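Below is one structure, written out as structure tokens; comments come after it.
Everything numeric here is computed off the predicted structure, so don't read it as measured data. Throughout, residue positions are numbered sequentially from 1 according to the sequence presented.
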Amino acid sequence: LMRRRQLVELEDLSWCPRAVRDGGTDWLGFMANATKVFSVAAPRIRAAMDASGTNTVVDLCSGGGGPWLTLERELAKTGPATVILCDLYPNIDAFRDLRERSRGRLRFHLEGVDAADVPAHLDGVRTMFNAFHHFPAEAAVSILSDALSKRRAIAVFEGINHRGIGLIAMPLQLPALLLFTPFVRPFRWSRLLFTYLLPLIPLIVLFDGIVSLLRHYHEDELRELVARTPGHERFAWDIGSTRVAGLPIGVIHLVGTPK
């Protein structure tokens, strides 16, 4: 079994231009909503909401909004849901566009939010999509510990559950990126510049995509993180993966709810 590696993605580096970083996260959000891969997360999020007695989701490390444009609709099929998008470096333009396109159903937090120290007033089930792997083990434990200490349910989702298939498939998205970039919202001239004239966005998408696959926490590694989290026995934990219909892959999940 290939173990996780603590590598560095370009978007995590302070010198990465904001326009390139946002271009990459906008593309990831576009793909997440186009493929609806994360729709399988809706039942687990709803179960965590029910267990916590809340209708609110606080999405951490939201980037360009991730899968929420389509996932919120899926979640709303089983009851009311308020989704608040947050990030340490909020992509306000993308968040405002999502608020408009969702007719106000997606909200956002203007100030930066540290996933390891979430303000107490942001009360709801904490979610993270394809973001948990950005944190080394010590920081990942701090994120779980903050949820535990404030008694907030947490639901982490990582794709893909097969590193080999992911590494083979990653370069295949480049033709789609070149074809569909003009349709990514919100429209930015900088995205066209850094995709076609100076192709930094395709570079960061490919490089960071490969590195992220090597950084994903798989199920056994998530169990190790939970075991290292002080007080973990006060929460009920669900760790596994859910098969995506029609694809040879699954989405990895870690869900913790207060007992």
| message | By the ring-ring contact (aromatic ring centres under 6.0 Å, His included) test, which pairs, at least two apart or in different chains, include something from residues 238-259? | response | none
| field | Residue pairs fulfilling ring-ring contact (aromatic ring centres under 6.0 Å, His included) with at least one residue in residues 88-107, sequence neighbours excluded | value |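 Applying ring-ring contact (aromatic ring centres under 6.0 Å, His included) to every pair that reaches into residues 88-107, excluding sequence neighbours, yields Phe95-Phe108.
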Residue pair [X] / [Y], side-chain heavy-atom distance below 4.5 Å:
{"X": "Arg101", "Y": "Leu69", "result": "yes"}
{"X": "Val58", "Y": "Leu60", "result": "yes"}
{"X": "Thr127", "Y": "Ile154", "result": "no"}
{"X": "Val118", "Y": "Asp146", "result": "yes"}
{"X": "Arg191", "Y": "Ile201", "result": "yes"}

Enter the distance from [X]:[atom1] to [Y]:[atom2] here, rounded to the nearest 0.5 Å.
{"X": "Arg126", "Y": "Leu144", "atom1": "CZ", "atom2": "CG", "answer": "10.5 Å"}
{"X": "Leu75", "Y": "Arg105", "atom1": "CG", "atom2": "CZ", "answer": "11.5 Å"}
{"X": "Leu197", "Y": "Thr195", "atom1": "CG", "atom2": "OG1", "answer": "9.5 Å"}
{"X": "Ser241", "Y": "Leu254", "atom1": "OG", "atom2": "CG", "answer": "12.5 Å"}

Identify whether the distance between the nearest side-chain nitrogen and carboxylate oxygen of [X] and [Y] falls below 4.0 Å.
{"X": "Glu233", "Y": "Lys259", "result": "no"}
{"X": "Asp93", "Y": "Arg188", "result": "yes"}
{"X": "Asp12", "Y": "Arg21", "result": "no"}

| task | Would you kindly say whether Glu221 and His133 are connected by a side-chain donor-acceptor distance under 3.5 Å? | result | no
| said: For the residue pair Thr54 / Arg152, report whether a side-chain donor-acceptor contact shorter than 3.5 Å exists. | reply: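 Looking only at side-chain atoms, Thr54 and Arg152 do not form any donor-acceptor pair under 3.5 Å.
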Name the atoms and distances for all side-chain donor-acceptor pairs under 3.5 Å in residues 170-186, with sequence neighbours left out.
{"from": "Gln173", "atom 1": "OE1", "to": "Trp27", "atom 2": "NE1", "distance (Å)": "2.9"}
{"from": "Thr181", "atom 1": "OG1", "to": "Leu177", "atom 2": "O", "distance (Å)": "2.5"}
{"from": "Arg185", "atom 1": "NH2", "to": "Asp97", "atom 2": "OD1", "distance (Å)": "3.0"}

| request: Would you please name every residue forming a side chain to side chain donor-acceptor pair (under 3.5 Å) with Glu11, sequence neighbours left out? | output: none
| task | Any side chain to side chain donor-acceptor pair (under 3.5 Å) involving residues 76-88? Give me the pairs, sequence neighbours left out, ordered by first then second residue. | result | Arg46-Thr78, Glu74-Lys77
| request: Please state whether the rings of Phe132 and Phe135 are parallel, tilted or perpendicular, taking 30° and 60° as the class boundaries. | output: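 Answer is tilted, since the angle falls between 30° and 60°.
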| message | Between His121 and His109, does the ring-ring contact (aromatic ring centres under 6.0 Å, His included) criterion hold? Intermediate values first, please. | response | CA-CA 11 Å; His121 70 270; His109 194 65; 5.6 Å; yes
| request: Show the numbers, then the answer: is there a ring-ring contact (aromatic ring centres under 6.0 Å, His included) between Trp68 and Phe38? | output: CA-CA 9 Å; Trp68 279 109; Phe38 286 109; 9.9 Å; no
| Which pairs, with at least one residue in residues 127-140 and sequence neighbours excluded, count as a salt bridge (Lys or Arg N to Asp or Glu O under 4.0 Å)? | none
